[in-house]
There are 2 protein chains.
Amino acid sequence: MSHMNTIRPTTLEAIIEAAFACLNADPTTTLAEIAQSAGVGRATLHRHFKGRADLVQALADRALAETAQAAERAAAATSYTQALRRIMRAMIELGDRHWFLAQETTARSDRSAEEHARQRGEFLDLMLSAAKEGAFDQALPQAWVEQVYDHLIHAAWEMVRGKEATVNQAAELAWTTFVGGLRQTSR
Amino acid sequence: MSHMNTIRPTTLEAIIEAAFACLNADPTTTLAEIAQSAGVGRATLHRHFKGRADLVQALADRALAETAQAAERAAAATSYTQALRRIMRAMIELGDRHWFLAQETTARSDRSAEEHARQRGEFLDLMLSAAKEGAFDQALPQAWVEQVYDHLIHAAWEMVRGKEATVNQAAELAWTTFVGGLRQTSR
DNA sequence: ATCATATGAGACATATATGTCTCATATGAA
DNA sequence: TTCATATGAGACATATATGTCTCATATGAT
């Protein structure tokens with residue numbers, strides 16, 4: 001604290017945002033390319049992250065923390081179904097984080113994997129509760145409901161990325177498709 | 001023709017299948033790892049493919065050809081809607097090819113990209129025709145319908161991969177979810 | 001059996017990404 | 001201004017993936 005010449009917050013942020021964007025677009029992206037995309041020297045990237053593995057771990061940690069926080073906030077709702085809907089919207093907004101976590105399965109720390117599993121577990125409980133509320137057909141395989149939920153988030157995020165919809169529109173489309181597609185009467 | 005000691009078809013096939021599996025699981029997979037996974041020497045892989053780029057191009061070409069052929073076969077149906085359904089099922093069966101084409105956007109030959117675009121165009125026409133038949137709500141953004149269609153294919157494929165459903169079951173789930181989610185009354 | 005070709009193993013060279021260091025400069029606090 | 005720290009540029013070393021070659025062996029056709 002006090003007088004220290006702190007790291008410019010923009011530098012670290014720029015690296016992290018560029019890394020999310022680059023690695024989501026192409027997981028083989030070079031550290032040099034990420035640095036360049038962040039408008040930062042290659043050495044600077046190495047000062048902040050020991051190496052590729054370290055960077056990826058940091059991204060995973062951040063994505064996990066951000067999605068967890070957003071989900072927690074969104075979970076405050078009048079019903080489990082509404083919570084599910086609000087979380088879906090929140091995940092679409094954090095689409096790059098969500099997608100990164102879904103893709104980057106390689107070599108994550110135990111703690112990180114545990115946290116991910118814990119979050120996932122909480123979410124599944126919520127889904128179960130929403131199912132009991134009648135949000136979707138309880139006879140459907142749980143795995144299918146999860147798959148559809150996650151993939152619709154990604155689909156919606158890509159709509160937003162491609163400027164084909166606003167976040168609100170995409171979230172609305174995704175939710176409507178989710179409940180309509182998994183409705184009990186639709187079987 | 002004639003007396004030549006032909007390449008063992010199994011060698012090439014093994015390499016290609018291993019490459020699809022490995023690269024889908026982790027795009028950064030090494031050529032050495034692919035060769036090993038195929039149960040083949042590293043040198044042998046290089047005899048068949050000049051390098052990584054060449055291999056990826058070959059995979060893309062094959063995936064394109066296989067999906068095109070399967071789609072053409074499936075398109076023979078009693079209605080555009082049925083064709084759409086049969087194509088969806090076919091794509092789930094070719095899930096690894098379909099996914100590979102969706103992911104591997106980097107550096108494909110012009111011819112390959114053109115062919116992909118052409119296929120895509122034909123498919124969009126079909127979707128439009130199915131929409132006119134009432135397969136789904138015509139008021140929905142075309143891009144959203146495409147996104148949902150493609151993502152449900154991937155979701156279904158992952159169900160099959162994870163042994164959580166047979167191809168038939170997964171295809172049924174995907175189609176039901178598709179038409180239910182995009183139904184006109186569901187808006 | 002004989003021969004042509006495919007293959008595997010490994011040596012070797014090269015290319016590319018990664019990691020480390022130095023030094024000049026920029027920046028913000030005191 | 002003065003000072004401590006962050007940064008950029010680039011040199012340099014290392015690690016890893018890739019590409020090429022040789023040779024012994026396996027395989028299938030004749």
Between the protein and nucleotides 14-20 of chain C, list every N/O to N/O distance that falls short of 3.5 Å.
{"from": "C:dT18", "atom 1": "OP1", "to": "A:Arg52", "atom 2": "NH1", "distance (Å)": "2.9"}
{"from": "C:dT18", "atom 1": "OP2", "to": "A:Leu31", "atom 2": "N", "distance (Å)": "3.0"}
{"from": "C:dG19", "atom 1": "OP2", "to": "A:His46", "atom 2": "NE2", "distance (Å)": "3.4"}
{"from": "C:dG19", "atom 1": "N7", "to": "A:Arg42", "atom 2": "NH1", "distance (Å)": "3.4"}
{"from": "C:dG19", "atom 1": "O6", "to": "A:Arg42", "atom 2": "NH2", "distance (Å)": "2.6"}

What base-paired stems does DNA chain D take part in, with at least 3 consecutive Watson-Crick or G-U wobble pairs and both distances under 3.5 Å? C:1-30 with D:1-30
Rounded to whole Å, please give me the gap between CZ in A:Arg47 and P in C:dA26. 15 Å
Restricting to ring-ring contact (aromatic ring centres under 6.0 Å, His included), what partner residues turn up for B:His46, sequence neighbours left out? none
Could I get the full list of side chain to side chain contact (heavy atoms under 4.5 Å, CB included) partners for A:Thr30, not counting sequence neighbours? A:Ala32, A:Glu33
Mind checking who shares a hydrophobic cluster with A:Trp157, ILVMFWY linked at side-chain heavy-atom distances under 4.5 Å? A:Trp99, B:Trp99, B:Trp157
Applying ring-ring contact (aromatic ring centres under 6.0 Å, His included), can you list everything that pairs with A:His98, at least two apart in sequence or on another chain? none
Residues forming a ring-ring contact (aromatic ring centres under 6.0 Å, His included) with B:Tyr149, sequence neighbours excluded: B:Phe123, B:Phe178
What residues, two or more places apart in sequence or in another chain, satisfy side chain to side chain contact (heavy atoms under 4.5 Å, CB included) together with A:Thr67? A:Met91, A:Leu94, A:Arg97, A:Leu101, A:Gln119
With sequence neighbours excluded, residues passing side chain to side chain contact (heavy atoms under 4.5 Å, CB included) with A:Glu146: A:Arg120, A:Leu124, A:Met127, A:Gln142
Is there a salt bridge (Lys or Arg N to Asp or Glu O under 4.0 Å) between B:Glu115 and B:Arg118? Walk through the geometry before answering. CA-CA 5 Å; B:Glu115 170 61 13; B:Arg118 193 194 57 74; 2.9 Å; yes
What's the NE2-C1' distance between B:His48 and C:dA6, to the nearest Å? 8 Å
Presence of A:Thr11 side-chain N/O under 4.0 Å of D:dA6 phosphate oxygens OP1/OP2: no
